[in-house]
Asker: 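There's a structure below that I have some questions on.
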Amino acid sequence: MGSLQAELAALIGEDAVRAPAAAELQDETEARGAAASADAYVTPRSTAEVALVLAHCNERRIAVTPRGGGSGLAGGAVPLRGGIVLGLERMRGVRAFDPRSWRICVEAGLQTAHVHRLARENGLLFPPDPGAAEQSQIGGNIATNAGGPHAFKYGSTGAWVTGLEAVLASGEVIEIGGPIRKDVAGYDLRALLVGSEGTLAVITAAWLRLTPAPEAALPVVGLYATIAAGSQALSRVIESGLTVAALEYLDPTTVALASHGFPAELSSGGAMMVIAEADGSRPEAERLAAEVADVLSDDADAVFAPTERAAVEALWRWRHSVSLTVKATLGAKISEDIVVPFERLGEAIEATLEIGARHELRACSWGHAGDGNLHSTFLVAPGDDAALARAGAACEELFSMAIAFGGSVTGEHGLGWVKGGRLVRQWPPAAVRLHEAVKTLFDPNNILNPGKKLAR
Ligand SMILES: Cc1cc2nc3c(=O)[nH]c(=O)nc-3n(C[C@H](O)[C@H](O)[C@H](O)COP(=O)(O)OP(=O)(O)OC[C@H]3O[C@@H](n4cnc5c(N)ncnc54)[C@H](O)[C@@H]3O)c2cc1C
């Protein structure tokens with residue numbers, strides 16, 4: 001046991017401190033080769049133990065990389081400056097659950113899917129549904145303000161957080177908000193910690209809002225011969241004023257690559273796909289789904305509207321597996337999460353293909369159309385360093401395109417280290433100064449996740 005491990009073991013026990021395993025130095029960010037290193041993997045059992053560890057690390061200027069489920073796609077949980085990785089997995093208690101008041105207080109290390117299940121078993125819904133819910137933790141979702149298909153109607157994770165318990169770099173514990181649905185007493189520190197990617201504080205627990213589960217959720221799928229026709233269908237859904245819960249798209253290349261396993265016959269393989277979901281009471285959802293089907297059917301090659309629960313679940317299971325299926329094509333991929341104003345989505349889908357072609361890369365995209373959020377993707381073979389370098393250059397063009405369209409370099413995954421330094425391209429200097437001042441105020445010694453969420 002190294003000296004740092006021994007010091008921390010003396011504070012919180014030997015069973016909570018060990019050398020990190022290789023997998024604990026990486027997240028799900030693919031093929032980017034960060035030089036990760038850490039001297040210890042630390043798994044506190046309580047907020048008090050997190051506080052002891054942070055106070056010690058702050059005193060000794062030791063870097064701390066908070067880690068949730070490690071499902072991040074921006075390298076956020078990858079330690080770049082040695083020190084410790086602080087794993088939250090042992091803090092997964094449910095501190096309070098009051099289904100009648102539609103709220104729950106959970107520790108940060110609880111898996112997202114567990115919160116989904118608890119809510120569902122009690123007739124409630126926790127709507128944020130990022131795709132790796134069995135792996136990710138609530139703390140990680142809050143730290144990245146994770147989205148997902150249903151963020152279109154229900155908002156990203158932050159919209160469901162009413163209170164936070166967090167440990168500052170100094171080791172002080174703060175509680176903001178709580179089981180209250182409104183609070184404007186102070187500056188919105190809660191919102192500041194949401195999406196802070198482990199750079200401002202370690203989140204140890206959260207009060208979450210829940211909502212009564214809709215009785216029915218009915219997806220409608222439209223297939224279109226061209227990206228233009230698919231984009232027009234998306235616009236028609238928005239312009240119709242129909243309040244769908246999710247509005248997703250998959251471009252023709254993605255549909256072709258992922259068509260195997262789609263839970264219905266795909267007669268026109270390679271078409272652009274639109275998925276819209278109607279939810280509510282059964283009669284409401286059925287009426288809305290029929291109207292959505294009507295709007296989607298103009299110009300559609302086919303419309304598919306599963307109604308049985310098993311078929312609906314199969315469709316979403318397929319949708320959540322798309323990322324992995326696309327990756328399997330060549331063995332690796334570089335995938336970004338740019339966001340543009342909804343009306344520029346069609347152009348951004350086309351631009352992704354053009355950028356890929358310019359860099360001699362197979363490109364595709366899919367994503368959360370209603371939010372203007374694209375997972376623009378370049379396929380690479382593992383070990384093909386030349387293709388990887390071209391993909392890096394292609395991503396820079398993607399970022400420039402998103403900014404030029406009035407969008408952002410990241411809508412879901414965060415800056416992490418993958419997109420570090422790009423904020424300065426989309427924010428004015430005064431805003432960048434505030435961004436940096438916030439970090440200094442929270443973490444003057446720069447021990448919390450150093451090298452991440454950097455504006456420049
Ligand atoms: C197949 C797949 C599908 C995905 N789909 C989506 C999607 O639809 N939408 C979406 O938004 N994301 C998606 N993601 C990305 C990822 O799941 C989310 O970013 C998720 O919120 C990360 O949570 P995590 O617990 O795994 O965090 P980690 O990856 O462990 O960490 C992410 C960041 O949060 C910080 N952090 C973690 N826990 C804490 C804490 N308790 N306190 C302070 N900081 C902390 C880390 O330091 C890091 O910067 C997907 C990933 C995969 C692999």
Side-chain angles (χ1 to χ4, degrees), residues 23-30 44 47 50 54 63-80 84-92 106-115 128-152 155-158 164-169 193-206 246 248 316-317 319-327 333 335 337 339 366-368 371 373 375 410-420 442-443 448-453:
E24 290 161 348
L25 300 177
Q26 297 299 332
D27 63 3
E28 295 292 337
T29 312
E30 294 161 64
T47 304
V50 175
L54 286 194
V64 176
T65 303
R67 181 181 178 88
S71 72
L73 294 172
V78 177
L80 302 175
I84 69 165
V85 175
L86 188 91
L88 275 298
E89 61 266 28
R90 286 165 93 179
M91 291 189 60
R92 47 172 189 258
V106 300
E107 291 184 334
L110 195 66
Q111 285 122 310
T112 317
H114 196 101
V115 178
D129 59 343
E134 294 287 349
Q135 183 181 349
S136 69
Q137 300 174 359
I138 285 298
N141 294 162
I142 295 170
T144 54
N145 197 10
H150 292 83
F152 178 57
S156 296
T157 302
L164 285 177
E165 178 191 87
V167 183
L168 302 178
L193 293 187
V194 169
S196 60
E197 300 181 52
T199 62
L200 301 184
V202 175
I203 295 160
T204 45
E248 301 277 294
W316 283 114
R317 245 194 333 274
R319 166 64 188 87
H320 283 307
S321 72
V322 161
S323 174
L324 285 177
T325 315
V326 169
K327 176 184 171 183
K333 64 175 172 56
S335 216
D337 64 317
V339 59
W366 65 92
H368 316 303
D371 288 328
N373 191 189
H375 294 308
T410 173
E412 285 200 320
H413 304 153
L415 286 186
W417 65 268
V418 169
K419 278 161 283 193
F442 270 82
D443 181 20
L448 282 173
N449 219 353
K452 311 291 172 55
K453 212 167 178 76

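In listed order, ligands and their atoms are each counted from 1. FYI, side chains are in, hydrogens and waters are out, and symmetry mates aren't considered; it's all heavy atoms of this structure. Residue indices begin at 1 and follow the sequence shown.
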Asker: For Glu197, what residues pass the salt bridge (charged side-chain N to carboxylate O under 4.0 Å, His left out) criterion, not counting sequence neighbours?
Answerer: Lys453

Asker: Could you pull out all residues at least two apart from Glu89 that satisfy salt bridge (charged side-chain N to carboxylate O under 4.0 Å, His left out)?
Answerer: none

Asker: Checking side-chain polar atoms at under 3.5 Å, does Asn141 have a donor or acceptor matched by the opposite partner on Thr157?
Answerer: no

Asker: Mind checking what makes side chain to side chain donor-acceptor pair (under 3.5 Å) contact with Gln135, not counting sequence neighbours?
Answerer: Glu28

Asker: Does CZ in Arg92 sit with more than 12 non-hydrogen atoms of other residues, nucleotides or ligands closer than 6.0 Å?
Answerer: no

Asker: Can you see whether Lys327 engages Ser335 through a side-chain donor-acceptor pair at a distance of less than 3.5 angstrom?
Answerer: no

Asker: Run through ligand 1 for me and note each protein residue having a heavy atom under 4.0 Å from it, chain first, then residue number.
Answerer: Glu28, Pro66, Arg67, Gly68, Gly69, Gly70, Ser71, Gly72, Leu73, Gly76, Ala77, Leu88, Ala108, Pro130, Gly131, Ala132, Ser136, Gln137, Gly139, Gly140, Asn141, Ala143, Thr144, Ala146, Gly147, Gly148, Glu197, Gly198, Ala201, Val202, Ile203, His368, Glu412, His413, Asn449

